[in-house]
Undergrad: 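Structure incoming, see below.
Letters go in sequence order (proteins before strands), and every chain restarts at 1.
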2 protein chains.
Amino acid sequence: MTGPKSRRRGAPLEQAILDAAWDELREVGYARLTIEAVAARAGTSKPVIYRRWGGRAELVLAAWARKLPVEPETPDTGTLRGDLRTLFSRIARRADSMMNEMVAGVMGEAFRHPEVAALLGERLSNPSPLTGAVRSIVDRAVARAELPPVELPHRVLRLPLDLVRNESMTCGAPVSEETVGSLVDDVYVPLLHGLAAVQAAGGAAEGRGVAAGSGVGAGSGLGAGGGVREDVG
Amino acid sequence: MTGPKSRRRGAPLEQAILDAAWDELREVGYARLTIEAVAARAGTSKPVIYRRWGGRAELVLAAWARKLPVEPETPDTGTLRGDLRTLFSRIARRADSMMNEMVAGVMGEAFRHPEVAALLGERLSNPSPLTGAVRSIVDRAVARAELPPVELPHRVLRLPLDLVRNESMTCGAPVSEETVGSLVDDVYVPLLHGLAAVQAAGGAAEGRGVAAGSGVGAGSGLGAGGGVREDVG
DNA sequence: GCGATAAGAAACGCAAAGTATCTAAAGGGT
DNA sequence: ACCCTTTAGATACTTTGCGTTTCTTATCGC
């Protein structure tokens, strides 16, 4: 054996710490994850971790970043709605409670640490493999003439993930099949049809869709509302 | 004066504590809010607070619940798009960083305390005054023939708030006018048109819209994906 | 091998959580 | 007016984890 006094450095040590952090995250969650526990699990000590990362949030984000996005196999059920339900369900499974608890926790700290906010935002706004799946699903639906040709803005591409995450986080529980159905049937499918319609109508007026010249109160008028702002929900 | 030894009890004391909690929240935010500080500000002591609430999350939720939802004056700019932009902007202003930091923080704890999750979920899924505003805006657009008649499912009614909150929380910064524009133009307006179209077409097939009989992979098949579930974004 | 670098171990001060104990004030009932 | 139950308010305590400091010594580049 290497003996009781072998001492790792650099990359291998870093990997060990990140692995430990990830395992700890899976076992106790973000709220109960402590630097000390990660250090212990990695067989190292706190200062080694603090020398590399600024705190829990950064450590966890680094551990997360190592996990490569899983390319979801694009579902192919034969209908737009079926494909979307399958896709949304898969997202809902993967966005399990550990993941969401982590995101919620990191978010809480992101408000105080701009660099954490930046890392998190980057992580959440680039669901690259998912956007590909959405695109293929829609393309296939267009090919089947189930949907008029439509171009999907970035916002719409990332919407599935945003919807599911929002749902999962606000109810703090796994997203039910019923909810998935509602997201697909009440929101996403109609949205796709609407986008197609709007693009067919507005034709020339690219980019900013719909009634493109109409924005009356659009700029920064924003009306009254300057007062109380106590509540949102 | 009442003298240095006047002692509040019951409701008045409770109100004082909740006010203190709210003020503290506004000043230092959820992450840095401590029970001790709230007790000090309210001129009372920790045990008094712990006798009434289980911890930060419950205390803060109670303080929040006292703030009555502000009835937003329904904007009236003359166009659907203008009204929506104004409404979304107002939501974005009210969902300021304090609010979102609080929600994020409470969410973090909600995963460990089911009762907190319940309170939070209830609070977030009933944006009653907002749904009214959305309805009026849409009704007016329908009256102007800017939009075919359309019925809005609950999910669609709460979508504006969900979209803005999601945006605000994931980027940890105020939602820009540009983002608001994207939410309205790329998502919400097309969605409304799509809903109208779908309802006009599907006519009889109420409730669950679109291709109502098609759900192939809908049930619980959910395909592969059972393996890695490491990443979402 | 030598010297710079950095890991590992231990301990620190600090802050806040949550709990326990005690006192004395408030308020209700007679 | 009194007593008696309730509970506010004060204080102190244990625990936990943070983030830091110090010191020793293993590892690596030269």
Side-chain angles (χ1 to χ4, degrees), chain A residues 1-21 24-25 27-62 101 105-106 108-110 112-113 115-116, chain B residues 1-21 24-25 27-62 101-102 105-106 108-113 115-116:
Chain A
M1 53 174 72
T2 336
K5 302 213 161 185
S6 107
R7 203 178 263 191
R8 296 157 299 180
R9 299 191 147 201
L13 176 60
E14 189 158 321
Q15 303 305 312
I17 294 172
L18 292 176
D19 285 342
E24 199 68 15
L25 208 48
E27 279 187 25
V28 306
Y30 182 82
R32 293 191 182 171
L33 179 141
T34 70
I35 303 285
E36 279 175 327
V38 173
R41 185 190 279 263
T44 182
S45 60
K46 284 195 294 174
V48 177
I49 295 181
Y50 279 110
R51 268 168 216 144
R52 287 161 203 269
W53 298 280
R56 270 194 314 177
E58 286 179 37
L59 172 61
V60 163
L61 283 174
E101 194 232 346
V106 173
E109 294 185 27
R112 306 243 152 239
H113 304 286
E115 71 280 9
V116 171
Chain B
M1 54 173 72
T2 338
K5 301 215 161 182
S6 107
R7 204 177 263 192
R8 297 156 299 180
R9 305 189 139 200
L13 177 59
E14 189 157 321
Q15 303 306 311
I17 294 172
L18 293 176
D19 284 343
E24 199 68 15
L25 207 49
E27 278 186 25
V28 307
Y30 183 82
R32 294 191 181 168
L33 178 141
T34 71
I35 303 287
E36 280 177 324
V38 173
R41 186 191 278 262
T44 181
S45 60
K46 283 196 293 175
V48 177
I49 295 181
Y50 280 111
R51 266 170 217 144
R52 286 160 205 267
W53 299 279
R56 269 196 315 178
E58 287 180 36
L59 172 60
V60 162
L61 282 174
E101 194 233 346
M102 177 186 70
V106 172
E109 294 185 28
F111 288 88
R112 307 243 150 236
H113 304 287
E115 71 279 9
V116 171

Undergrad: Nearest of C/dG8, D/dA12, D/dA8 to any side-chain atom of B/Lys46?
TA: D/dA12
Undergrad: Return whichever of A/Tyr50 or B/Thr44 has its heavy-atom-nearest nucleotide of DNA chain D closer to the 5' end.
TA: B/Thr44
Undergrad: Within less than 4.0 Å of OP1 or OP2 of D/dA8, is there a side-chain N or O belonging to B/Arg51?
TA: yes
Undergrad: To the nearest Å, how far apart are A/Leu13 CG and D/dC28 P?
TA: 12 Å
Undergrad: Base, sugar-phosphate, or nothing: which does A/Ser45 touch, judged by heavy atoms less than 4.0 Å apart?
TA: base
Undergrad: Among C/dG8, D/dG9, D/dC28, find the nucleotide with the atom closest to the side chain of B/Val48.
TA: D/dG9
Undergrad: If you find the nucleotide of DNA chain D closest to A/Pro47 and the one closest to A/Thr34, which residue's nucleotide is nearer the 5' end?
TA: A/Thr34
Undergrad: Could you state the CG-P distance from A/Leu33 to D/dG19, rounded to the nearest angstrom?
TA: 12 Å
Undergrad: Using whole Å, report how far CD1 of B/Ile17 lies from P of D/dT7.
TA: 13 Å
Undergrad: Over all strands shown, is A/Arg52 touching base, sugar-phosphate only, or nothing at heavy-atom distances under 4.0 angstrom?
TA: sugar-phosphate
Undergrad: Is there a donor N/O on one and an acceptor N/O on the other, under 3.5 Å, for the side chain of A/Arg8 and the base of D/dT27?
TA: no
Undergrad: Let me know the distance between CG of B/Leu59 and C1' of C/dA16, rounded to the nearest Å.
TA: 15 Å
Undergrad: If we only count heavy atoms from C-beta on, is the B/Glu58 to B/His113 side-chain gap below 4.5 Å?
TA: no
Undergrad: Calculate the interatomic distance between B/Ile49 atom CD1 and D/dA10 atom P; express it in whole Å.
TA: 12 Å
Undergrad: Side chains of B/Val48 and B/Arg8, heavy atoms from C-beta outward: is any pair under 4.5 Å?
TA: no
Undergrad: Atom CH2 of A/Trp53 to atom C1' of D/dC18: distance rounded to whole Å?
TA: 17 Å
Undergrad: Grab the CD-C1' distance between A/Gln15 and C/dA7 for me, whole Å please.
TA: 17 Å
Undergrad: To the nearest 0.5 Å, what is the distance between CD (A/Glu101) and CZ (A/Arg32)?
TA: 9.0 Å
Undergrad: Are the side chains of A/Ile17 and A/Leu59 in contact, using a 4.5 Å heavy-atom criterion?
TA: yes
Undergrad: Would you kindly compare B/Arg56 and B/Arg9 by the position of their nearest DNA chain C nucleotide and give the one closer to the 5′ end?
TA: B/Arg56
Undergrad: As an exercise, state the distance from CZ of B/Arg9 to CD of B/Glu14, rounded to the nearest 0.5 Å.
TA: 13.5 Å
Undergrad: If I take atom CD in residue A/Glu36 and atom P in nucleotide D/dT15, what distance separates them, rounded to the nearest angstrom?
TA: 15 Å
Undergrad: On the side chain of B/Arg7, is there an atom forming a donor-acceptor pair with the base of C/dA24 - under 3.5 Å, no angle test?
TA: yes
